[in-house]
Amino acid sequence: MLTFEEWLVPHKEASCLVTVGTNALRGEGILPDDIVIMERGRTPQHDDVVIAEVDGHPLIRKYEKVAGLPRLASDTGVMPLAEESDVRILGVVASVIRRYR
Amino acid sequence: MSTNYIARSWPRAIAHIDGDAFFASVEQAVKPWLKGKPVVTGKERNIVAAASYEAKKFGVRRGVALWDARKMCPGLVVLPTDYETISLFSKRMYDIMRRYTPAVEEYSVDEGFIDLTGLRRLHRGSYETISRRLQQDIHVELGITVTIGLSVSKVLTKVASAKGKPAGFVRISAREIEDALCDVPIEDVWNIGPNTAALLKGHGMGTALQFARKPEEYVSKLLTKPGMEVWRELNGESVMPIETAEKTNYQSISKVKTFTPPSDDKAYVFAQLMKNVENACIKARRYEQAPKKVIMFLKRHDHRASGLEAKLDRPSAYPNEVGAVFRKLFDEVFQSGTRYRATGVILTDLVEASPIQPTLFENPVTIVKTRKLYNAIDELREKFGKHVVHSGVTLPAQKTQHLTTRGDTPVRKLILLKGETKRRRLPIPMLQSRVC
């Protein structure tokens, strides 16, 4: 039997909690104050939700690859990932959790 | 022929995994914007508990006063120690090691030994490949670095990892021992204390290699058993076991706690002492042990310590019973007008707790009642946490250990998710910034 925790947090050692503070992925169904489970050390694939560090600020975005070129997308726009830009993918989001009470 | 060679290179394969500036690295892992910046922890004690490698470059080391550290390293980030997150990372580090072998020794929160002997076929690779894979797993999944020393005995793995700091991998196979030891000062060898080092130096053994090359008969005249074990281990013979079992009994139990600001209030300092007594007794009872002898000491504002010891009439791990003894010792040591910064207790000469005989002058009924009382207290503690029930004298010390100013509480302690309480939080580290 799979426990609820194993299901939400499939790779426990590599996972950490991240609190969301933005509406940038509202279209994805991710809202401010949601908790997401981030997995470190995973190579992002097209359409993954990722936590990225851009100029020292952690952001939550969709990772997309269009014509082989990676970019970070939100509801409002896209940011191409140029090779020289100061962007680090911290991890890939495995699940979103929202408690109402 | 070739199998022979391998057997001689690796009669045993032991790895020492050592977290690099562990406390500071963990902070950088949960606060990614601190990567590459000089970071120290220990804000709540005003002393550097751990320094990141960026801070070490400025000469900031463990034990340096924060005030000095800030002067040595402008832009230093100073954080309180986040024990909760540290222990989560420590547990994960050991969980990753256990993917490779069940023979894991949790030597401390940030360094451990594992035995890989015989696992090459299972993991399809050389001992070096397996160790490097483990190191990679830790780096990638935890976002912190460790140094790994791989060798044929525990002492040699410590020599190896010391050479590899930080984030390195160093291998010393049985055939590489001589090269590895020639530049290692004898005082840097694990389990060689300053006195032994001085003794060996006096006999012309300034390096680990000079020591290891002396004949056994010669060395055994100078050293006792622990020293001889080090000599054997340096010569590639593994004699110190990997201690996989959790500790089930102790030689002695000690509890020392610093408090800030220092105090000359007698009731408060005694409360601090008795809190340590309660904590030490809890630990003793958990392992079903009781001390025959107790030691207490007070540390003064100027870091000088004074203390006393006493034999108990009967072994006991109940604060109600040993409290009077500590009261007497404390009254002798405490000097009014002196400010104290720490108290400590040591329970020693521990024996098994169960078959304890009352002395002639004791009422057995009282003893049974005390035992029942503490069974109940221990049960309550399991359910509701430490110190839900405590003796009245510790009341002045229950509230705060350190007078905190803003920023002295770890960030994780300040965030409560829905459904979390102060005592019960999710056992997963949290990235300590809301993502935008």
Side-chain angles (χ1 to χ4, degrees), chain A residues 4-6 8-25 30-43 49-62 72 74-76 79 86-101, chain B residues 17 25-37 77 82 84-100 104 133-146 411-412 414-421 425-436:
Chain A
F4 206 62
E5 165 144 8
E6 287 164 344
L8 278 171
V9 190
H11 301 99
K12 189 162 188 226
E13 282 88 47
S15 299
C16 72
L17 303 170
V18 182
T19 48
V20 178
T22 178
N23 261 317
L25 290 185
I30 299 176
L31 301 178
D33 292 332
D34 281 356
I35 307 293
V36 301
I37 303 291
M38 174 187 98
E39 282 179 15
R40 287 182 205 269
R42 188 166 275 267
T43 312
V49 175
V50 298
I51 309 293
E53 193 188 39
V54 180
D55 298 325
H57 300 286
L59 305 179
I60 184 164
R61 292 291 183 271
K62 279 284 278 288
L72 296 178
S74 70
D75 285 3
T76 49
M79 178 175 74
D86 189 16
V87 175
R88 234 165 17 116
I89 303 291
L90 296 175
V92 174
V93 170
S95 38
V96 187
I97 301 160
R98 184 177 312 145
R99 259 191 77 132
Y100 286 102
R101 307 190 300 123
Chain B
I17 294 99
S25 303
V26 165
E27 288 295 344
Q28 289 171 320
V30 293
K31 300 181 178 73
W33 59 96
L34 293 180
K35 281 249 156 92
K37 297 213 169 85
V77 180
D82 182 353
E84 187 178 323
T85 304
I86 297 281
S87 59
L88 287 174
F89 270 78
S90 175
K91 175 159 191 311
R92 285 168 172 217
M93 186 172 87
Y94 286 113
D95 285 345
I96 294 176
M97 292 181 207
R98 290 203 174 83
R99 290 183 202 158
Y100 290 86
V104 173
R133 225 182 275 155
L134 163 65
Q135 187 177 31
Q136 188 64 19
D137 285 355
I138 293 175
H139 288 183
V140 164
E141 294 181 34
L142 300 190
I144 61 169
T145 65
V146 295
V411 178
R412 182 60 179 99
L414 299 172
I415 308 170
L416 273 190
L417 301 177
K418 276 182 187 144
E420 281 190 332
T421 67
R425 277 191 286 264
L426 291 171
I428 306 176
M430 176 184 280
L431 198 70
Q432 289 174 357
S433 146
R434 284 159 70 91
V435 289
C436 297

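Chain letters run A, B, ... following the sequence lines, proteins first, then strands; residues in each count from 1.
- If you measure heavy-atom distances from A:Arg101 to chain B, the contacts under 4.5 Å come from the backbone alone.
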B:Trp33/A:His57 under side chain to side chain contact (heavy atoms under 4.5 Å, CB included): CA gap, chis, key distance, verdict:
CA-CA 7 Å; B:Trp33 59 96; A:His57 300 286; over 6 Å; no

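- Judged purely by atom type and a 3.5 angstrom limit, A:Arg40 uses its side chain to pair as donor or acceptor with the backbone of B:Ala29.
- Distance check, rounded to the nearest 0.5 Å: CZ of A:Arg88 to NZ of B:Lys35 gives 5.0 Å.
- For B:Pro429 against A:Ser15, the heavy-atom pair with the smallest separation is CD-O, 3.9 Å.
- Interatomic distance, SG of B:Cys436 versus CG of A:Asn23, reported as 11.5 Å (0.5 Å rounding).
- Using a 4.5 Å cut-off between heavy atoms, A:Val9 contacts chain B through its side chain alone, with no backbone atom that close.
- Residue with the most contacts toward chain A among B:Val435, B:Leu431, B:Val140: B:Val435 (heavy-atom pairs, distance under 4.5 Å).
- Looking only at heavy-atom pairs under 4.5 Å with chain B, the residue among A:Ala24, A:Gly91, A:Cys16 that has the most is A:Cys16.
- Applying the salt bridge (charged side-chain N to carboxylate O under 4.0 Å, His left out) criterion to B:Arg133, with sequence neighbours excluded, gives no partner residue.
- When heavy atoms are compared at a cutoff of 4.5 Å, A:Ile35 approaches chain B solely by way of its side chain, counted from C-beta outward.
- Within the 4.5 angstrom heavy-atom criterion, only side-chain atoms of B:Leu426, from C-beta onward, approach chain A.
- For B:Asp82, there are no salt bridge (charged side-chain N to carboxylate O under 4.0 Å, His left out) partners two or more places apart in sequence or in a different chain.
- Neither the backbone nor the side chain of B:Leu34 comes within contact range of chain A; no heavy atoms are under 4.5 Å apart.
- Under the 4.0 Å criterion applied to side-chain N and carboxylate O atoms, B:Lys418 and A:Asp33 are not assigned as salt-bridge partners.
- Of the two parts of A:Ile60, the backbone and the side chain both hold a non-hydrogen atom closer than 4.5 Å to a non-hydrogen atom of chain B.
- Heavy-atom distances place the side chain of A:Leu90, and not its backbone, under 4.5 Å from chain B.
- For A:Glu13 and B:Arg99, the salt-bridge test passes: some basic side-chain N is under 4.0 Å from an acidic carboxylate O.
- Expressed to the nearest 0.5 Å, how far CZ of B:Arg425 lies from CG of A:Leu17 amounts to 11.5 Å.
- Distance alone, capped at 3.5 Å, is enough to place a donor-acceptor pair between the B:Arg92 side chain and the A:Lys12 backbone.
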